[in-house]
Amino acid sequence: RNASAVSCATSTISRWLRLRTASASAIWPVTGTTRSPGPASIITERGTPAHRREAIDALGAVAHLDAGPPLVARLGDAGLGDAAHRALVRLCCADFGREAWQWQAWLQKNRSRHRVELLIDGLGSNNRLIRQRAIGELTGTTGETLGYLSDLPTGARRAAQDRWRRWWESTGQARFR
């Protein structure tokens, strides 16, 4: 019985990793003159709703804002809107509900910013899960914590977020740009 559960989990993880890799390759150009299809093609009407939801989840995981517009386009879909919203929250470390115009404005404003800057912004979110995701990814990416904990009181979180902003200006930009 355990072997069956492990096999099922391994298959699911393998499928998720393939989807994530496919999503990433659709966003960034490949070597040479050809380019993979855009990310929107992954979540079109082709395929089952379950497969499209998996593709949406994978797009949210690629951590590149080019994945944002096709996700915003799915916010109004009855079967995919919730998945698109979750993926956008994960991608952007922000939450505008299912208001497409707010997501579009945010994406336009932030499209040239580095992922680390977006994560630093996420540290100030009112949503504890967004703050946890942001500090988790920041720590994993930079190896730093700078005294930030997602459950600190608001004032202490702001002070720690300010330390992150100063770190970005003094050290992080040169290291990650």
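Just so it is clear, the values below take in all heavy atoms, side chains as well, and ignore hydrogens, waters and symmetry mates.
Atoms CZ and CG, on R86 and L91 in that order, are 14.5 Å from each other to the nearest 0.5 Å. Taking CD1 of I135 as the start and CG of L119 as the end, the distance is 9.0 Å to the nearest 0.5 Å. To the nearest 0.5 Å, atom CZ of residue R158 and atom CG of residue L152 are 12.5 Å apart. Residue Q161 holds its CD atom at 10.0 Å from OG of S125, rounded to the nearest 0.5 Å. We find the CZ-CG distance between R74 and L59 to be 11.0 Å, quoted to the nearest 0.5 Å.
Counting only distance, with no hydrogens or angles, the side chain of S150 and the backbone of R128 share no donor-acceptor pair below 3.5 Å. N110 places no side-chain N or O within 3.5 Å of a backbone atom of R113 that could act as its donor or acceptor partner.
Ring orientation note: the planes of F176 and W168 are close to parallel, at an angle under 30° on the 30°/60° scale. Ring planes of F96 and W103: perpendicular class, angle over 60° (limits at 30 and 60°).
Between R111 and D66 there is no salt bridge, since none of the side-chain N atoms of the basic residue sits less than 4.0 Å from a carboxylate O of the acidic one. Looking at R115 and E137, a side-chain N of the basic residue comes within less than 4.0 Å of a carboxylate O on the acidic one, giving a salt bridge. Under a 4.0 Å N-O distance rule, the pair D82/R98 qualifies as a salt bridge.
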Worked verdict on C93 versus I130 for side-chain contact (heavy atoms from CB on, under 4.5 Å): CA-CA 6 Å; C93 287; I130 291 174; 4.1 Å; yes

Evaluation steps, salt bridge (charged side-chain N to carboxylate O under 4.0 Å, His left out), between D151 and R157: CA-CA 8 Å; D151 56 355; R157 282 197 322 266; over 6 Å; no

Evaluation steps, side-chain contact (heavy atoms from CB on, under 4.5 Å), between H85 and L75: CA-CA 6 Å; H85 172 247; L75 285 172; 3.9 Å; yes

Step-by-step salt bridge (charged side-chain N to carboxylate O under 4.0 Å, His left out) determination, R165 to D121: CA-CA 9 Å; R165 290 188 198 288; D121 288 351; 2.9 Å; yes

Stepwise side-chain contact (heavy atoms from CB on, under 4.5 Å) test for Q173 and W167: CA-CA 9 Å; Q173 279 186 13; W167 173 87; over 6 Å; no

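Enclosure of atom CG in N126 is not indicated, since only 12 or fewer non-hydrogen atoms of other residues, nucleotides or ligands lie within 6.0 angstrom.
Shown here for A84 and L71, the closest heavy-atom pair between the two residues is CB-O, 3.4 Å. Nearest approach of L123 to Y148, heavy atoms of both residues: O-OH, 2.6 Å. Nearest approach of I56 to A87, heavy atoms of both residues: O-CB, 3.4 Å. Nearest heavy atoms, A134 versus G122: CB-C, 4.0 Å. The two residues C92 and L107 come nearest to each other via the heavy atoms SG-CD2, 4.0 Å. The shortest heavy-atom contact between W164 and T145 is NE1-O, 3.1 Å.
Using a 4.5 Å cut-off on side-chain heavy atoms (C-beta onward), E99 and W106 make no contact. With a 4.5 Å cut-off on side-chain heavy atoms, D95 and L88 do not count as touching.
No single ILVMFWY cluster, assembled from side-chain heavy atoms under 4.5 Å apart, contains both I120 and V89.
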